[in-house]
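Okay, structure first, notes after.
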Amino acid sequence: MDTPLSTIAVVGLGTMGTGIAEVLALAGREVIGIDISEAAARQAVTSLEASTARAVGRGRITEQERADALARFRTHDTLQAAAGAELVIEVVPETYEIKQRVFRELDAIVSPTAILATGTNALSVTRLAAESLRPERVLGLHFFNPVPAMKLVEVVSSVLTAPPAVETVTRLARELGKEPVSVGDRPGFVADGLLFGYLNQAAAMYEANYASREDIDAAMKLGCGLPMGPLALLDLIGIDTARTVLEAMYSASHDRLHAPAPVLGQLSEAGLTGRKAGRGFYTYDAPGGRSVVADALTPAPDTASGAGRDVASVGVAGSGTMASGIAEVFAKAGYAVVLAARGQEKADLAKARIATSLERSVAKGRLSAEARDETLGRITAAGSLDAFAEVDLAVEAVAEDLAVKQQLFATLDKVCRPGAVLATTTSSLPVIAIARATARPEDVVGMHFFNPAPAMKLVEVVRTVLTADDVHATVRAVCAKIRKHPVDCGDRAGFIVNALLFPYLNNAIKMVEEHYASLDDIDAAMKLGGGYPMGPFELLDVVGLDVSLAIEKVLHREFRDPGLAPAPLLEHLVAAGCLGRKTGRGFREYARR
């Protein structure tokens, strides 16, 4: 079965098929492009000419290499043209009926030694293979769009696929400069299997009017370092396509997290399928356009800052990394800051941590020595919350324990002057339960910073049902002054970021539990195929498995969805004391410092 794969047919010359053809032609393969539409075939040639011309202009290939690649690409309107191909890759519309018809016809045309690959990302490779005359030579070859740029290729085996066929296409993927990941046959495979559940939850969050589309997208970009927000990504993928993938996933898993959010069906039925239609979650300048234009849902410029309370001094309660980071942020922005801890020694150590951080900024040329000294001079370290008597805003950043926070807020209620805003940085606890520990719950708001606070731009602003309008306006105005991006959300578990991030992480753990894919393959798939800055297991080990488990439990307890139940493997690792980088072992082992 050692097939050379020098001649490859690509069936379906849409965006994906054209991209695959380009990569193959540039890698020296003879490419037979097949599409029943003459217009699609012409467009494929035009696109290949344009993209290779850009590559020449950027110095990536020579003019001769471009000419050779174009000469290796020929288009046809019938499957008969695939007769001499050693590999056929189909990327026709995502329906069993069409794909099965293509495979049946190819059975009668291609050589018995040819490999047949489906580019599906949602349908069962096993089902497609079972109806072929050569199921041992049928597999999945899932590229990602745009194909020339995206490194990931998922090589999908069914229970019928012969290992030599897998080895042959895996070797081809490497020769194309791609990173192949071998996976089994289940809807969505690795990357889309994790990605589309997350996208579906974001759509449901928007549909529930929990947060605006702009705030959901900004939260995930700024809070997780993602290249696009989930709703903008759904528009790019195509809302109808996403719905099809989710339907296939749900039919296999029966997990409610995969049941397509009704808004996806409503938009699809209305023809509002995203960028390609000119409108989806957002409105675009034209069908196929990239520029978002204002519509009826576009928020007005933020004018709330004039309606808030005056804030000149800030108290930060806590002595850990988050507390010192928040104090540094406020001091850099010109606020007088009181940093209070349980005892003067802890407070002094926290201030010393800030001094070290500022010194690093000076060494890197990001801050002048004068600005460093001025910033430190604005911070007063105190050993008691009594020092908050005159602050205008008190921000707590203590342990993520409801009883601890309630006790602290009861103290703030007695210490802080009337009219002071009281903010909690909780990432998972109910803000209203913290607010009710005071006699002024209308002054309490959530202000969830992300770690490290000096670097991360996002702040989730959490209103309870009792938070006063001017308190909300005050916090948004303060965020603008400290150069953070505020997103509004209601008081429910996980807010925006954690509510979308941790189910995705939990589902990645379940994939490993089920022996579907390895840690390394899953991490590689999400970085290369989804544009994530870290793979899920890298991130879990950084965040801490104990922290992750606590958040998963909170989400499961609040939403009561069986799909949100923490993966048993996560619970077992935490019980064993394997908490991630901080203990030297989590999902991976780390050298102890």
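Since the structure is predicted, the reported quantities are computational estimates derived from the model, not experimental observations. The first residue in the sequence is number 1, and the count goes up from there.
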Next on the checklist: With heavy-atom distances below 4.5 Å as the criterion, would you say the side chains of L297 and F281 are in contact?
Outcome noted: no
Item to check | Nearest heavy-atom neighbours spanning S427 and I551 | outcome: OG-CD1, 4.5 Å
Checklist entry - With a distance cut-off below 6.0 Å to the six-membered ring centre and an angular limit of 45° from the axis, does R492 pair with Y210 as a cation-pi contact? => result yes
Item to check | Short N-O contact, E328 and K332, less than 4.0 angstrom | outcome: yes
Item to check | Neighbour count >12 (heavy atoms, 6.0 Å) for atom CG, D310 | outcome: no
Checklist entry - Just wondering, do M322 and F449 contact through their side chains at under 4.5 Å, heavy atoms? => result yes
Next on the checklist: If you define the side chain from C-beta out and look only at heavy atoms, does anything of D215 sit under 4.5 Å from E460?
Outcome noted: no
Item to check | R378 to Y335 six-membered ring, cation-pi geometry met (6.0 Å, 45°) | outcome: no
Next on the checklist: Taking the side chain as everything from C-beta on, heavy atoms only, tell me whether D217 gets closer than 4.5 Å to M228.
Outcome noted: no
Checklist entry - Where does the angle between the aromatic ring planes of F450 and H448 fall among parallel (under 30°), tilted (30 to 60°) and perpendicular (over 60°)? => result tilted
Item to check | Derivation and outcome, salt bridge (Lys or Arg N to Asp or Glu O under 4.0 Å), residues D235 and R213 | outcome: CA-CA 12 Å; D235 276 356; R213 61 191 180 183; over 6 Å; no
Checklist outcome for this item: Interatomic distance, CG@L199 vs CG@L264, rounded to 0.5 Å, equals 9.0 Å
Checklist entry - With side chains defined as the heavy atoms from C-beta onward, is the minimum distance between R440 and V471 less than 4.5 Å? => result no
Checklist entry - Between N506 (side chain) and A567 (backbone), is there a donor-acceptor pair under 3.5 Å? => result yes
Checklist outcome for this item: Closest heavy-atom pair, H472 versus V461, reported as atoms and distance to 0.1 Å, is CD2-CG1, 3.8 Å
Item to check | Minimum heavy-atom distance A437-F409, with the two atoms named | outcome: CB-CB, 4.5 Å
Checklist entry - Do L408 and I434 touch side chain to side chain, with heavy atoms closer than 4.5 Å? => result no
Item to check | Any donor-acceptor pair under 3.5 Å from T283 side chain to D295 backbone | outcome: no
Item to check | Pair L505-Y198, side chain to side chain contact (heavy atoms under 4.5 Å, CB included): steps then yes or no | outcome: CA-CA 10 Å; L505 296 174; Y198 149 70; over 6 Å; no
Checklist entry - Is there a donor-acceptor contact under 3.5 Å linking the side chains of E400 and T426? => result yes
Next on the checklist: If you apply the rule salt bridge (Lys or Arg N to Asp or Glu O under 4.0 Å), what do you find for R353 with D348, and how did you get there?
Outcome noted: CA-CA 9 Å; R353 186 184 296 116; D348 290 339; over 6 Å; no
Checklist entry - Is any NZ, NE, NH1 or NH2 atom of the basic residue among K414 and D386 found under 4.0 Å from an Asp or Glu carboxylate oxygen of the other? => result no
Next on the checklist: Under the criterion side chain to side chain contact (heavy atoms under 4.5 Å, CB included), I'd like the reasoning laid out for V445 against V462: C-alpha separation, chi angles, the key distance, then a yes or no.
Outcome noted: CA-CA 6 Å; V445 66; V462 187; 5.6 Å; no
Checklist entry - Please walk me through it: do D546 and K582 pass salt bridge (Lys or Arg N to Asp or Glu O under 4.0 Å)? => result CA-CA 11 Å; D546 52 340; K582 59 189 175 186; 2.8 Å; yes
Item to check | Nearest-0.5 Å distance that lies between atom CG in L545 and atom OG1 in T583 | outcome: 8.0 Å
Next on the checklist: What I'd like to find out is whether the side chain of M526 reaches to under 4.5 Å of the side chain of M534, using heavy atoms alone.
Outcome noted: no
Checklist outcome for this item: Between I496 and C489 the two heavy atoms that sit nearest each other are CG1-CB, 3.9 Å
Checklist entry - Is a side-chain donor-acceptor pair under 3.5 Å present for N200 with Y250? => result no
Next on the checklist: For R417, I'd like to know if atom CZ has over 12 heavy atoms of other residues, nucleotides or ligands within 6.0 Å.
Outcome noted: yes
Checklist entry - What is the minimum heavy-atom distance between L385 and A317, and which atoms define it? => result CD2-CB, 3.9 Å
Item to check | Under 3.5 Å: donor-acceptor pair, side chain of R588, backbone of R585 | outcome: no
Item to check | Minimum heavy-atom distance between L246 and P260, given as atom pair plus value | outcome: CB-CG, 3.7 Å
Next on the checklist: Treating E442 as the side-chain partner and A468 as the backbone partner, does any N or O pair qualify as donor plus acceptor under 3.5 Å?
Outcome noted: no
Checklist entry - Counting heavy atoms not belonging to E374, are there more than 12 under 6.0 Å from its CD? => result yes
Checklist entry - Under 3.5 Å, is there a donor-acceptor pair between the side chain of E154 and the main chain of V190? => result yes
Next on the checklist: Within a 6.0 Å radius of atom CD on Q407, are there more than 12 heavy atoms belonging to other residues, nucleotides or ligands?
Outcome noted: no
Checklist entry - Does a sphere of radius 6.0 Å around CZ in R436 hold more than 12 heavy atoms from other residues, nucleotides or ligands, not counting ones at 6.0 Å or beyond? => result no
Next on the checklist: Using modelled atom types and a 3.5 Å cut-off, is there a donor and acceptor pairing between side-chain atoms of D401 and backbone atoms of V404?
Outcome noted: yes
Checklist entry - Stepwise, does the side chain to side chain contact (heavy atoms under 4.5 Å, CB included) test hold for F330 with L393? => result CA-CA 11 Å; F330 278 108; L393 167 65; 4.0 Å; yes
Next on the checklist: Does F502 form a side chain to side chain contact (heavy atoms under 4.5 Å, CB included) with S548? I'd like the steps, not just the answer.
Outcome noted: CA-CA 7 Å; F502 280 89; S548 301; 3.5 Å; yes
Next on the checklist: Can a side-chain donor-acceptor contact be found between D413 and T438 if the only test is distance below 3.5 angstrom?
Outcome noted: no
Next on the checklist: Could you go through R463 and D488, starting from their C-alpha distance and side-chain angles, then the distance that decides it, and tell me whether this counts as salt bridge (Lys or Arg N to Asp or Glu O under 4.0 Å)?
Outcome noted: CA-CA 8 Å; R463 295 189 69 163; D488 286 329; over 6 Å; no
Item to check | Between OG1 on residue T424 and NZ on residue K405, distance to nearest 0.5 Å | outcome: 4.5 Å
Item to check | From CG (D470) to CG (D443), nearest 0.5 Å | outcome: 8.0 Å
Checklist entry - Once you round to the nearest 0.5 Å, how far does CD of E538 lie from CD1 of I522? => result 12.0 Å
Next on the checklist: A side-chain contact here means heavy atoms from C-beta on lying under 4.5 Å apart; do V181 and L152 qualify?
Outcome noted: yes
Checklist entry - Will you find, in the side chains of D541 and Y590, an N or O donor that is under 3.5 Å from an N or O acceptor? => result yes
Next on the checklist: Just checking Y504 against Y532, ring centres under 6.0 Å apart?
Outcome noted: yes
Checklist entry - Distance from L540 atom CG to L519 atom CG, nearest 0.5 Å? => result 10.0 Å
Checklist entry - Within a reach of under 6.0 Å around CD of E345, are more than 12 heavy atoms found that belong to other residues, nucleotides or ligands? => result no
